[in-house]
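Structure record follows, encoded as structure tokens.
A quick note: this is a predicted structure, and the numbers were derived from the prediction, not measured.
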Amino acid sequence: RGRGTALPGHAGPSLMTTDVDDVWARYKAAPTPEDREVLIVAHIPLVRYVASRMMPSLHSSVERQDLVSYGIFGLMDAIEKFDLNAGVEFSTFAT
């Protein structure tokens, strides 16, 4: 397991105790826009982290927020392509 951490209260009290692993399993079994949004929101800190690590190696004209925006598109693609049974954590796959 270990695909994520407990989610903060994203869309109501029921999600406060929902684990990202449960959302992953549910999303891969029967994708819904709501679960996809939960997964995106849960992993935005990863996108911000990767963007901040990339900034020093990029041209000064690249804005951090633009890089984060592009990273979110990559995150959405990674969520669609991620295989729960591949034996790798999502953060490693997405990065």
Side-chain angles (χ1 to χ4, degrees):
R1 296 185 61 115
R3 286 179 283 278
T5 57
L7 294 172
H10 169 65
S14 64
L15 284 179
M16 292 179 81
T17 58
T18 301
D19 189 90
V20 174
D21 287 343
D22 296 334
V23 178
W24 271 116
R26 194 170 58 233
Y27 182 74
K28 288 300 181 173
T32 66
E34 295 80 14
D35 283 341
R36 182 173 183 248
E37 181 180 353
V38 169
L39 292 171
I40 291 168
V41 170
H43 293 95
I44 285 177
L46 174 64
V47 173
R48 290 184 180 137
Y49 171 77
V50 171
S52 68
R53 298 285 301 202
M54 292 179 68
M55 285 303 297
S57 65
L58 298 175
H59 191 272
S60 62
S61 65
V62 177
E63 297 286 330
R64 183 177 183 276
Q65 190 53 46
D66 290 339
L67 194 57
V68 169
S69 295
Y70 292 127
I72 292 172
F73 285 110
L75 174 65
M76 291 187 293
D77 186 51
I79 288 170
E80 295 305 313
K81 294 178 179 174
F82 183 59
D83 180 358
L84 290 174
N85 301 311
V88 64
E89 293 206 19
F90 177 74
S91 61
T92 302
F93 175 80
T95 301

Same apolar cluster (I L V M F W Y, side chains within < 4.5 Å links), [X]/[Y]:
| X | Y | answer |
| --- | --- | --- |
| F82 | F73 | yes |
| I72 | F93 | yes |
| L46 | I44 | no |
| L75 | L84 | yes |

Got a donor-acceptor contact below 3.5 angstrom from the [X] side chain to the [Y] backbone?
| X | Y | result |
| --- | --- | --- |
| S69 | Q65 | yes |
| K28 | E80 | yes |
| T95 | T92 | no |

Quick check on Y49: does its OH atom have over 12 non-hydrogen neighbours (other residues, nucleotides or ligands) under 6.0 Å away?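 No - once you tally the heavy atoms of other residues, nucleotides and ligands closer than 6.0 Å, there are 12 at most.
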Applying salt bridge (Lys or Arg N to Asp or Glu O under 4.0 Å), can you list everything that pairs with D77, at least two apart in sequence or on another chain?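 By the salt bridge (Lys or Arg N to Asp or Glu O under 4.0 Å) rule, D77 matches K81.
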What's the shortest heavy-atom distance between [X] and [Y], and which atoms?
| X | Y | value |
| --- | --- | --- |
| D35 | V23 | O-CG1, 3.8 Å |
| V68 | V47 | O-CG1, 3.6 Å |
| I79 | F90 | CG1-CZ, 3.7 Å |

Any idea how W24 and Y27 line up, ring-wise: parallel (<30°), tilted (30 to 60°), or perpendicular (>60°)?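 Rings of W24 and Y27: perpendicular, as their planes differ by over 60°.
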Between P31 and R36, is there a side-chain heavy-atom distance shorter than 4.5 Å? no
How many angstroms lie between atom CZ of R48 and atom CG of L67, to the nearest 0.5 angstrom? 12.5 Å
In Å and rounded to the nearest 0.5 Å, what is the CD to CE distance from E37 to M76? 11.5 Å
Other hydrophobic cluster members with Y70, side-chain heavy atoms of Ile/Leu/Val/Met/Phe/Trp/Tyr under 4.5 Å, chained? none
